[in-house]
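Here the structure comes first, spelled out in structure tokens, and everything after it is commentary.
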Amino acid sequence: MAYKVFAAGMGRSSDIDQYLMAQAVITCTSSTRPPQPPVGMRIWQTDTLSEHYWDGTTWQFLTGLSRFVRKTADESIANFAGVQNDDQLSVPVAPNAVYAVEAFIICSSPTNADMKLAWQAPGDATMDWSSLSPHTAQTDRDHSTISVTHMGSGGIADAAGYGDNVDVIYIPRGRLTTVSSGTLTFRWAQSSSNSTAAKVKTNSYLYARRIA
């Protein structure tokens, strides 16, 4: 089908049916999809948060849909050894989906406080992940990779701190499988409570790419 350039004025219904709908991404739900789509039509399903295209026979899932968020301000935590949600590093996730997840975390923490890294996702989701880091903790400096962790059975990994205002980069990444829609959030805190704040810094980011 040729691409249609619309002129000013009232459009004909046949042009709208034949061209405009085929040249736009249609917003619908999985139960209100266009009944007679042309080949190549794309739709965004609001109930599944997914994009699809018509191949002439069926609606195909459009892989590669990505979610990205970047931290725009430093965040500090002191005197707290639990885990808390990061103020900015959260992305929405669709139901019944699989995501490749990666975060780039620029942080600093006192050497005797260290860091905790974790995730929060919909309660019925599963996630296997690990983190590249300089060391797992100040007391164990012989490892370059934090152990593989399974969200839902602990899901917290300890990471080293090297002193206030000494930046360290951690790269936690893994595979998230969802059942329900919701939000994926990076979580963190001090491993040991300390009056000198741990920080996750500006330009840290979270990236989730749908792969199934």
Side-chain angles (χ1 to χ4, degrees), residues 23-30 40-53 59-77 83-109 115-134 144-146 148-152 155-157 159-160 167-189 197-212:
Q23 293 172 194
V25 177
I26 306 301
T27 299
C28 61
T29 68
S30 55
M41 174 179 274
R42 291 168 62 176
I43 59 172
W44 172 256
Q45 292 183 175
T46 56
D47 58 332
T48 62
L49 298 179
S50 58
E51 191 169 0
H52 302 257
Y53 68 93
W59 289 104
Q60 299 287 352
F61 169 70
L62 189 65
T63 60
L65 183 65
S66 299
R67 306 290 190 183
F68 177 87
V69 62
R70 180 180 65 88
K71 203 163 179 65
T72 58
D74 291 356
E75 182 179 349
S76 299
I77 297 176
V83 288
Q84 61 95 45
N85 292 348
D86 188 272
D87 288 347
Q88 293 183 288
L89 298 181
S90 297
V91 293
V93 292
N96 302 308
V98 181
Y99 291 88
V101 177
E102 180 175 297
F104 183 85
I105 305 301
I106 308 166
C107 58
S108 66
S109 181
M115 293 281 289
K116 285 180 180 176
L117 313 179
W119 297 97
Q120 184 176 68
D124 48 11
T126 57
M127 182 177 182
D128 294 303
W129 66 281
S130 64
S131 180
L132 296 179
S133 66
S144 59
T145 305
I146 294 173
V148 172
T149 309
H150 186 72
M151 187 181 67
I156 298 174
D167 288 352
V168 179
I169 293 173
Y170 299 105
I171 307 177
R173 55 190 178 185
R175 183 191 67 249
L176 173 72
T177 303
T178 66
V179 177
S180 303
S181 62
T183 302
L184 174 68
T185 302
F186 177 68
R187 311 186 78 201
W188 61 281
K199 301 173 184 176
V200 171
K201 298 192 172 184
T202 303
N203 291 323
S204 297
Y205 66 78
L206 168 58
Y207 174 78
R209 180 175 182 270
R210 186 166 179 177
I211 55 176

[atom1]/[X] to [atom2]/[Y] distance, rounded to the nearest 0.5 angstrom?
{"X": "Ile26", "Y": "Arg42", "atom1": "CD1", "atom2": "CZ", "answer": "11.5 Å"}
{"X": "Ile106", "Y": "Thr202", "atom1": "CD1", "atom2": "OG1", "answer": "8.0 Å"}
{"X": "Leu176", "Y": "Arg209", "atom1": "CG", "atom2": "CZ", "answer": "15.0 Å"}
{"X": "Ser109", "Y": "Trp188", "atom1": "OG", "atom2": "CH2", "answer": "8.5 Å"}
{"X": "Arg187", "Y": "Asp86", "atom1": "CZ", "atom2": "CG", "answer": "11.0 Å"}
{"X": "Ser66", "Y": "Ile211", "atom1": "OG", "atom2": "CD1", "answer": "11.0 Å"}

- prompt: side chain to side chain contact (heavy atoms under 4.5 Å, CB included) between Phe104 and Lys71: does it pass, once the steps are laid out?
  reply: CA-CA 10 Å; Phe104 183 85; Lys71 203 163 179 65; over 6 Å; no
Using side-chain hydrogen bond (donor to acceptor under 3.5 Å, both in side chains) as the criterion, list what pairs up with [X], not counting sequence neighbours.
{"X": "Gln88", "result": "Thr72"}
{"X": "Asp87", "result": "none"}
{"X": "Ser90", "result": "Thr185"}
{"X": "Arg67", "result": "none"}

Determine the minimum heavy-atom distance between [X] and [Y], stating which atoms define it.
{"X": "Asn85", "Y": "Glu75", "answer": "O-OE2, 4.0 Å"}
{"X": "Ser180", "Y": "Pro122", "answer": "O-CG, 3.7 Å"}
{"X": "Ser204", "Y": "Leu89", "answer": "O-CD2, 3.9 Å"}
{"X": "Ile77", "Y": "Gln84", "answer": "CD1-NE2, 3.0 Å"}
{"X": "Ser108", "Y": "Lys201", "answer": "OG-CE, 3.6 Å"}
{"X": "Met41", "Y": "Trp59", "answer": "O-CZ3, 3.6 Å"}

Would you say [X]'s side chain and [Y]'s backbone share a donor-acceptor pair under 3.5 angstrom?
{"X": "Thr27", "Y": "Trp44", "answer": "no"}
{"X": "Tyr170", "Y": "Ala103", "answer": "no"}
{"X": "Thr178", "Y": "Asn96", "answer": "yes"}

For the residue pair Trp119 and Trp129, categorise the inter-ring angle as parallel (less than 30°), tilted (30 to 60°) or perpendicular (more than 60°).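 Answer is perpendicular, since the angle exceeds 60°.
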- Pairs satisfying salt bridge (Lys or Arg N to Asp or Glu O under 4.0 Å), at least one member in residues 98-107, at least two apart: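 Pairs touching residues 98-107 that pass the test: Glu102-Arg173.
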### Task
Apply side chain to side chain contact (heavy atoms under 4.5 Å, CB included) to the pair Val200 and Met115, showing each step before the final yes or no.
CA-CA 10 Å; Val200 171; Met115 293 281 289; 4.2 Å; yes
Exercise for the section: Would you mind reporting whether Thr126 and Val179 have side-chain heavy atoms less than 4.5 Å apart? Expected result: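 Result no, sub-4.5 Å side-chain heavy-atom pair not found.
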Checklist line | Student check: side-chain heavy atoms of Phe186 and Ile105 closer than 4.5 Å | finding: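 Yes; the side chains approach each other to less than 4.5 Å.
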Open item on the list: Checking Arg70 now: which residues fulfil salt bridge (Lys or Arg N to Asp or Glu O under 4.0 Å) with it, not counting sequence neighbours?
Closed with: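 Partners of Arg70 under the salt bridge (Lys or Arg N to Asp or Glu O under 4.0 Å) test: none.
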